[in-house]
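Note that these values count all heavy atoms, side chains included, but never hydrogens, waters or copies made by symmetry. Quick note: residue numbers are just sequence positions, from 1. Not measured: the values here are computed from a predicted model.
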Amino acid sequence: QVQLVESGGGLVQAGGSLRLSCAASGTIFTFNAVGWYRQAPGKSRELVAAFISGGSTNYAESVKGRFTISRDNAKNTLYLQMNMLKPEDTAVYYCSARIQPRPIATMNLYWGQGTQVTVSS
C-alpha cells in the first residue's frame with residue numbers, strides 16, 4: 001500500500017527554520033512530486049509551494065523568499081525548507097504526490113497525513 005509519510009514538523013520560535021520531509025513508501029513505479037499545502041485552524045487548505053510544468057516551482061506570495069521546495073526522485077521524497085518562520089506560518093502542512101504503483105496501474109494523487117508546524121512569537 002502506497003503512503004506518504006511526513007516528518008520534520010515541530011515548535012520553533014519566530015525567525016527560526018524547519019525542514020519538512022515527505023517520503024513515499026510501498027510499491028512505487030513512478031513518483032511525481034506535486035507540492036506542499038497547509039491548513040491553519042479555521043481556514044481552508046492553501047498552496048504553499050508546488051512543482052509546475054518544466055520543472056519550475058510556484059510559491060504562495062506569503063512564503064516567497066523564505067521557503068524552498070525540492071525533491072529527490074531517486075528517493076521518492078520531497079522537501080520543504082522553511083526559513084525566517086513567522087507565527088502566521090503556524091498550520092498543519094501536507095505533502096502531495098502523484099504515484100503509479102505498478103507499470104499497468106493508474107497514477108493517482110496521494111496526500112500525507114499532515115505534520116504540525118507551530119511558530120511562537
Side-chain angles (χ1 to χ4, degrees):
Q1 183 176 357
V2 175
Q3 286 185 315
L4 290 176
V5 180
E6 297 146 345
S7 60
L11 174 64
V12 64
Q13 288 187 330
S17 298
L18 285 173
R19 188 190 193 210
L20 305 183
S21 299
C22 171
S25 64
T27 303
I28 298 169
F29 178 70
T30 303
F31 175 86
N32 289 330
V34 172
W36 290 91
Y37 296 74
R38 67 186 180 187
Q39 187 166 16
K43 296 186 177 181
S44 57
R45 190 173 296 190
E46 64 175 1
L47 171 72
V48 176
F51 295 102
I52 56 179
S53 60
S56 299
T57 53
N58 184 40
Y59 293 90
E61 285 295 327
S62 60
V63 308
K64 281 184 179 178
R66 300 187 298 123
F67 291 11
T68 303
I69 189 172
S70 62
R71 59 190 170 186
D72 186 337
N73 289 332
K75 296 182 178 179
N76 297 328
T77 302
L78 64 157
Y79 306 95
L80 184 67
Q81 177 67 43
M82 304 185 294
N83 299 327
M84 296 181 287
L85 282 160
K86 304 176 181 180
E88 51 264 43
D89 294 319
T90 295
V92 177
Y93 284 70
Y94 299 90
C95 63
S96 65
R98 292 188 179 87
I99 296 172
Q100 182 184 20
R102 296 171 300 280
I104 61 171
T106 58
M107 182 169 284
N108 294 316
L109 181 66
Y110 290 83
W111 290 89
Q113 81 285 357
T115 185
Q116 177 70 46
V117 172
T118 303
V119 184
S120 62
S121 58

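Hydrophobic clustering of Ile, Leu, Val, Met, Phe, Trp and Tyr side chains at less than 4.5 Å, counting indirect connections, keeps Tyr93 apart from Tyr79. When hydrophobic clusters are built by joining Ile, Leu, Val, Met, Phe, Trp and Tyr residues whose side-chain heavy atoms come closer than 4.5 Å, directly or via intermediates, Leu78 is not grouped with Leu47. Taking hydrophobic clusters as Ile, Leu, Val, Met, Phe, Trp and Tyr residues chained together by side-chain heavy-atom distances below 4.5 Å, Val12 shares a cluster with Leu80.
Of all the heavy atoms in Pro87 and Ala14, the pair that sits closest is CD-CB, 4.1 Å. Ala91 approaches Gln116 most closely through the heavy-atom pair O-NE2, 3.4 Å. Residue Val5 comes nearest to Gln113 through the heavy atom pair CA-OE1, 3.8 Å, listed as atom of the first residue, atom of the second, then distance. Here the closest heavy-atom approach between residue Tyr59 and residue Thr68 is recorded as OH-CA, 3.4 Å. Val63 and Val48 make their closest contact through CG2-O, 3.6 Å (heavy atoms, listed as atom of the first residue, atom of the second, distance). The shortest heavy-atom contact between Ala24 and Ile99 is CB-CD1, 4.0 Å.
Around the CG atom of Leu109, the shell of radius 6.0 Å holds more than 12 heavy atoms that belong to other residues, nucleotides or ligands.
Contacts of Tyr94 classified as ring pair (Phe, Tyr, Trp, His ring centres under 6.0 Å), with partners at least two apart in sequence or in another chain: none.
To the nearest 0.5 Å, atoms OH (Tyr110) and OG (Ser96) are separated by 13.0 Å. Atom CZ of Phe51 is separated from atom CD1 of Ile69 by 4.0 Å, given to the nearest 0.5 angstrom. Atom CG of Leu85 and atom CZ of Phe67 lie 5.0 Å apart (nearest 0.5 Å). Atom OG of Ser120 is separated from atom CD of Gln13 by 5.0 Å, given to the nearest 0.5 angstrom. Of the inter-residue distances, the one linking Glu6 atom CD with Ser21 atom OG reads 10.0 Å to the nearest 0.5 angstrom. Rounding to the nearest 0.5 Å gives a distance of 9.0 Å between CG of Asn32 and CD of Gln100.
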**Q.** side chain to side chain contact (heavy atoms under 4.5 Å, CB included) between Thr77 and Phe31, intermediate numbers included
**A.** CA-CA 9 Å; Thr77 302; Phe31 175 86; 5.9 Å; no

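Checking side-chain atoms of Thr118 against main-chain N and O of Thr90 turns up no donor-acceptor pair under 3.5 Å. At least one donor-acceptor pair under 3.5 Å links the side chain of Arg66 to the backbone N or O of Met84. Checking side-chain atoms of Glu61 against main-chain N and O of Lys64 turns up no donor-acceptor pair under 3.5 Å. Side-chain atoms of Trp111 do not come within 3.5 Å of backbone N or O of Leu4 as any donor-acceptor pair. Counting only distance, with no hydrogens or angles, the side chain of Gln81 and the backbone of Arg19 share no donor-acceptor pair below 3.5 Å.
Residues Met82 and Leu20 form a side-chain contact, since some pair of their non-hydrogen atoms from C-beta on lies under 4.5 Å apart.
Listed by first and then second residue, the salt bridge (Lys or Arg N to Asp or Glu O under 4.0 Å) pairs involving residues 22-46 are Arg38-Glu46, Arg38-Asp89 (not counting sequence neighbours).
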